[in-house]
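Following: one structure in structure tokens, then a few remarks.
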There are 2 protein chains.
Amino acid sequence: MLESHQYLRQFSIKPSVQRSAVMHFLLNNRIHPTIDEIFMALSPTMPTLSKTTVYNTMDLFVEKGAVQVLAIDEKNARYDVDISAHGHFFCKGCAKVYDIFDLKPEMFQLPVNEKFKIHAVESS
Amino acid sequence: MLESHQYLRQFSIKPSVQRSAVMHFLLNNRIHPTIDEIFMALSPTMPTLSKTTVYNTMDLFVEKGAVQVLAIDEKNARYDVDISAHGHFFCKGCAKVYDIFDLKPEMFQLPVNEKFKIHAVESS
DNA sequence: GTTTTTAATTGAAATGATTACAAAGATAAT
DNA sequence: ATTATCTTTGTAATCATTTCAATTAAAAAC
């Protein structure tokens, strides 16, 4: 939990009890969780936690670049504390997201010469 | 429209006025449209069309393998009549999906030796 | 070609994830 | 200690999607 505190500071995120708890969970459970999974995991030991806070917290984390949001699961947004450039695939059988760490930038032949500029590439 | 009729049959989809109209739109507007975009485009010339029909139709098309559904846009499901293996990227500026045709199967180093079997790989 | 059966379409209501908002609580500054 | 600012919380609103039952259209049987 101390670690999470420090970790948040690295991304200029002011720590709070809730934020540290959420980050602690993310760092120790790399399961690309949904909002609900995060909420369900924390609420037993944090009965006052609100799901809205989880939404707010994750929005902040994404905005500050501490986590990335995946759109790979049509049903729910999923989050990844691993912000390195890597891919994902979604197993429809077990409904889980798995990492693909072998992707290389050259794999994407983007039309960068066109009228838009690339902000980010997600292989999710 | 005649073409769409024939096209649907190739995927064992029984054509109807609505289905042909939707497929005709998809074949001639390769913009990876949302349900709403399809509905909005067709309803002027098809006032009785229901949005539920568009949902039903797209579900059927996906099930029959005539189109693929993309999860790349967090807000809405998007559909692509191009069922060939290719990638996509989503421009947050213009909120449009673009194709990436240079992806190759080898780009994905999947852990096929594990306990799940891969049904499909989407780079979207 | 009319009747019967089956399938497709439709609109309204239900669901479920996410967002908006305003009040309550906690933290930081004075 | 007091005031101001930021965070958390619960409720209500929103929006995409699904469910469902009724209507309409199409296909099959006669």
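Note on naming: letters A, B, ... go to the chains in the order of the sequence lines (proteins, then strands), and numbering restarts at 1 for each one. Only a predicted model underlies this, so the values are computations on that prediction, with no experimental measurement involved.
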Smallest separation among heavy atoms of B:His32 and B:Arg78, with atom names: O-NH1, 2.9 Å
Within-4.5 Å side-chain heavy-atom neighbours: B:Val69 and B:Met58: no
Side-chain touch A:Arg19/A:Phe61, heavy atoms, less than 4.5 angstrom: yes
Given DNA chain C, 5'-ward residue of the pair B:Thr57 and A:Lys14, judged by closest heavy atom: B:Thr57
Sugar-phosphate, base or nothing in reach of B:Lys51, heavy atoms under 4.0 Å: nothing
Touch class at under 4.0 angstrom, heavy-atom based, for A:Asn56 against every strand present: base
In whole angstrom, what separates [X]'s [atom1] from [N]'s [atom2]?
X	N	atom1	atom2	value
B:Ile38	D:dT17	CD1	P	11 Å
A:Asn76	C:dT19	CG	C1'	16 Å
B:Tyr55	C:dG11	OH	P	15 Å
A:Leu42	D:dT8	CG	C1'	14 Å
A:Ile13	D:dC6	CD1	P	16 Å
B:Arg19	D:dA25	CZ	C1'	12 Å
B:Glu74	C:dT18	CD	P	9 Å
B:Asp59	C:dA8	CG	P	13 Å

Does a side-chain N or O of [X] approach OP1 or OP2 of [N] to a distance below 4.0 Å, or not?
X	N	result
A:Lys75	D:dT18	yes
B:Ser16	C:dT9	yes
B:Gln18	D:dA25	no
A:Thr48	D:dT9	yes
B:Thr52	C:dT10	no

NZ/NE/NH1/NH2 to OD/OE distance under 4.0 Å, A:Arg30 and A:Asp99: no
A:Asp36 versus A:Thr34, side-chain donor and acceptor atoms under 3.5 Å: no
Of A:Leu60 and B:Ile35, the one whose closest DNA chain D nucleotide lies more 5': A:Leu60
